[in-house]
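Reminder, nothing fancy here: chain letters follow the sequence lines and each chain counts from 1. The figures here come from the full heavy-atom set of this structure, side chains too, leaving out hydrogens, waters and symmetry mates.
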Amino acid sequence: MIKEITNQYDANDIEKRVHAFWQEIDAYSKVREFRKGGKKLFFVDGPPYTTGNIHLGTAWNKIIKDSILRYRSMNNHAIIDRAGWDMHGLPIEVKVEGVLGFKSKKDIETYGVGNFIEKCKEFALNQKDDMTGQFNTLGVWLDWKDPYMTLRDEYIEAAWWTLKQAQEKNLLEQGKRVVNWCPRCETAIADSEVEYDDRTDPSIYVKFKLKGEENTYLVIWTTTPWTIPSNMAVAVHPSFEYSKIRATAPDGHEENLILASELVNDVLRKGKYTDYDVLETMLGEDLTKLSYEHPLADLVPKQAKFEHNVYLADYVTAENTGCVHIAPGHGMDDFDVGVKNDIPIFCPVGSNGSYTEEAGKYAGMNIIDANMIVIEDLKERGLLLSEKKITHRYGHCWRCNTPIIYLATEQWFLKISELKESMLAEIKKVDWYPDWAGSARFKDWVEGARDWCISRQRYWGIPIPVWKCSTCGTLDVIGTKDELIERSDAYETIELHRPYVDKITIKCECGGIMSRVEDVFDVWFDSAVASWATLKYPHTKESFEENWPADFITEGHDQTRGWFYSQLGASMVAFGKAPYKSVLMHGFTLDKDGKKMSKSVGNVVEPHEVIGKYGADTLRAYILSASAPWDDLKFLWEEVATVHRTMNIFWNVYRFPLPYMALDNFDPKKVSLESVSEHLRKEDRWILSRMQSVISDVDSAMEEYALHKAMRSITEFILEDLSRWYIQLIRPRTWIEAEDPDKLAVYRVLYDVFVTTTKLIAPFMPHLAEEMYTNLVKNVEGDALETVHMCDWPVVDDSLVDKDLEAHMETVRSIVESSSNARQKVARKLRWPVSRIVVTPKDEQIGAAIDDLRGVLMGQTNAKDVVVLDVGEYWDELGVEAIPNPSGIGPVFKGDAGKVTAAIQQADAVALKSAVADGGEFEVTLADGTSVTVTEKMVNFEEIIPESVASAEFAGGMVYVDAKLTREIESEGYSREVIRRVQDMRKELDLIVDENIKAFIRIDDERILDLVMDLEAFIAKEVRADLLVIGLDVEVTGTLVKDWDVEGVSMHVGISPL
RNA sequence: GGGCCCGUAGCUUAGACAGGUGGAGCACCCGGCUGAUAACCGGGAGGUCCUGCGUUCGAAUCGCAGCGGGCCCA
């Protein structure tokens, strides 16, 4: 049997119970098993990094995934959904270093790489367990028992295998390149690991002395003085105009400078030059014959041996001096210029950010410390033109926040730039939600794609499976663990991490020994192979062949440059096609001011705070309904509270009929919708039709992943249709005590609506849905499915759809609302009936709606009659007043205007109005007896509403509420006032609903008493009084006695239970 | 500096693709109901639709330019 429930929505209580139930029966596995014959859906979970704590954005991400997958499952999809964990990489190394108090790579080597790796592994696994618990609290169903983890051998093999594909397709390259380098972590870092922040640096203009020309200098600008020792060239734009000028320095001496013409004034101002003359102008391409002396050649001996020339580069902009300092070892563009022109790549800086021996005087010095020293040295040599500070955006290591530098180093690359065209073609085949995520944003990013540096000089990561022969230099890529064992002396139990694999050697064909290169993979490469690694490919092939590529993935828009990209890149290398068929890109969670949440700002809201206060379903409902998935979400506590209130209303709607159903032993098994169909009232058919419309609205919203629309139509149905309307309409029917088909019809309709709604909310509020399902379905049907999440998604029942009825009800509702408005104008409470309401409709549909739903309209307006006029008909009880319009009268009648005005006021307004209605004319007689013609422009009209009538506009016309009092109405009004007070006192005594009482009522006003006495019997029945005494001189006694003031009349009421 | 998204009432938003009198919720004020009751419901007030220019009979909506916010990039 259906049970009564608590009178408050207690999310934490419900969720605790539901989680225990899910765990007890292993609901997740049962549901997946139940649907295994359904349509296949391969979903890949973007693996969160195991930081230990989920934040609101991670919660949102998983809530979206969970809601969509639950919806698909109810629509009979067989889902593959292993949860994923990203567990390698620098972030964990940095955390473990912190725990162990390490400062640099040396500390790790001293501690032992093996020990360090074990710590990292332990750390990652612990964090994963913590986070799994947090996701469970949210009610997220993924395969948590068998998640894919990047640290597992089977996963590492997927990465190895992929690299082998790259080598076989000649897409793997080793070489010296300039990379982003973190001098603290002593490793290359990916473009995507660089975070840009403001930073203040020196901004210096330096003079490079030309060879073979006295007192003449090229002027360059830089914000990194420490790269001057590595300068190898100057680049200019071929088509810019450059000037050689004779400038007078602040100290009076003259010198010749070469720089872009349009920047001369600007630069001279910076150097405080007093005057100048242009000696000659030329194009950039004319400068290539120049060569210059390195400014610090005396301090960096190796520099004295290089030639320093001017080269052309199109990327040079007309900023600063137009002459760009080139240090091929310390800049991407610089490197390209160097390679193109065969300039030696001179890079006298080591991995820890200190100069090497090659840097001469600067050897051993930290580069940042060297900035000031370089500036001093330049100044001493008279080569510093200007020195200032500049605050600009500069890249930092995203994990340790150290300013990055660019270093030319030996790295491994995937040649993504060669795949760009096919990647762009693949993007078009993918379904993107929203469309611009792919067609604009992602396309834009891929167009700028560069070769991907996949090597890192670190410890905790997937080792790069390249073995190199120390004798002949041959390289070999190992694709699987089996291959490694076969080719070496490794055992089956070998662990594929450093330092264990580092010890494995392979015999080279030349007879030499091959050992592994020391690098590990960029951690982005780990997750890049997720779509096949999660299917355990290449270890097993069957599932891959059946399921790959993924049907669906969804992540935040930061993953455009991240996982969407890395997956595509790796997949193009491995298979030559995109690894996903459809992608939903979601937004970011921001704080209430629209700012990014960040620990340092202190504006972070944690998911568990929200859950603790309002429950997981509330958080889910809030996050899903607050904004479109692809828009950013401003987190507002007040909005969460509002959503929570809505859920409480839903709870109350659900609770409302349960006591009555329980009292009547209502059994849905015995009362079918068919069996009550003859007793269905219009409002019952209406709510059933609305229910169907909501199902179809939710379906179309889900079709385009518009989860917010789905949520909003459900919420609106609950609030507007159920709580504010249907429940109000049917309340009296639930109070009938006898076995009554009208009441049974309501029970059945409510039951169906509740069960359907329960299924509709199941993807979004899975706990509440489970709780309701247990009570409404499992408590009734012994053989019900075990959980609501096994149920089929509701299908629209066309036989219940009645769009006309829905439209009619909407019309009637708007009339009821307007009549409430009108009642307020005449201060007549709803408890008091009105004799009639009069509707003047704008179109035929209004009359049809009222005919259809007259009972509903009369009941909800508490009117004794409803009168509908014809379209265009004027209600003859309304008066009309003619208001003369001076601006129309004045120009025509000049001096007689006053008389005309008076005449219009005297005229028969009704006749006047109908005469001029369509531009017609009307004769009025002035006081002096003459007649004049009045036209439309000269007069306006106002309705005169009868006293005690009030009007209000609604979308389809006007409503007039006639609130004139009659004896009958006053009698009923006062009687209802009496009844309400007695009911209030019954409540105060906490009487059970059908308990009888005796009541004594004294009314201190003879007229009112007389009115009330008309309905004495009615009152007695309504308040269940076996003995009711009402009079002027009644002695008022009872268990509870109260004095009341009713519209200025004092009443004294005493009641007692019998 | 570039790409994409966003800008509507004090706050959160619908409407924009497809031009035709801008709709809700929260908060606020006023009221109703009283067998959902520490619940529920109605009404009111509140708008330079970011700004400017353009297209059009007509622009929140289309176009251009700018301003502000977010993400990403340089």
**Report entry** Watson-Crick or G-U wobble mate for B:C71, both contacts under 3.5 Å
**Finding:** B:G3
Query raised in the report: Below 3.5 Å, does any donor atom in the side chain of A:Arg441 face an acceptor in the base of B:C71, or the other way round?
Result: yes
Report summary line: Between A:Asp444 and A:Leu830, the residue closer to the 5' end of RNA chain B by nearest nucleotide is A:Asp444
Report summary line: A:Phe656 atom CZ is separated from B:U34 atom P, nearest whole Å, by 14 Å
Query raised in the report: According to the Watson-Crick and G-U wobble definitions, with both distances under 3.5 Å, which nucleotide is paired to B:A14?
Result: none
Query raised in the report: A:Phe564 has an atom CZ; how far is it from atom C1' of B:C72, in whole Å?
Result: 13 Å
Query raised in the report: Rounded to whole angstrom units, what separation is found between the NZ atom of A:Lys634 and the P atom of B:C6?
Result: 14 Å
Report task. Give the rounded distance in Å between these two atoms: CZ of A:Arg823 and P of B:G42. Result -> 15 Å
Query - A:Trp637 and A:Lys613, any side-chain heavy atoms less than 4.5 Å apart - result: yes
Query - Nucleotide B:G23, atom P - distance to NZ of A:Lys709 in whole Å - result: 19 Å
Requested in this report: Counting Watson-Crick and G-U wobble pairs only, both distances under 3.5 Å, name the nucleotide matched with B:C62, or none.
Outcome: B:G54
Report task. Measure the distance from CD on A:Glu810 to C1' on B:A24 and round it to the nearest whole Å. Result -> 14 Å
**Report entry** Donor-acceptor pair between A:Thr811 and A:Ser814 side chains, under 3.5 angstrom
**Finding:** no
Query raised in the report: Closest to the A:Ser723 side chain: B:A36, B:C6, B:U34?
Result: B:A36
Query - Any-strand Watson-Crick or G-U partner of B:C40, both distances under 3.5 Å - result: B:G32
Query - Distance in angstrom units between A:Glu817 CD and B:G32 P, rounded - result: 18 Å
Query raised in the report: Between A:Glu806 and A:Arg690, is there a salt bridge with N-O shorter than 4.0 Å?
Result: yes
**Report entry** Integer-rounded Å distance: B:C71 P and A:Trp630 CH2
**Finding:** 20 Å
Query - First encountered from the 5' end of RNA chain B, between A:Ile727 and A:Ala626 - result: A:Ala626
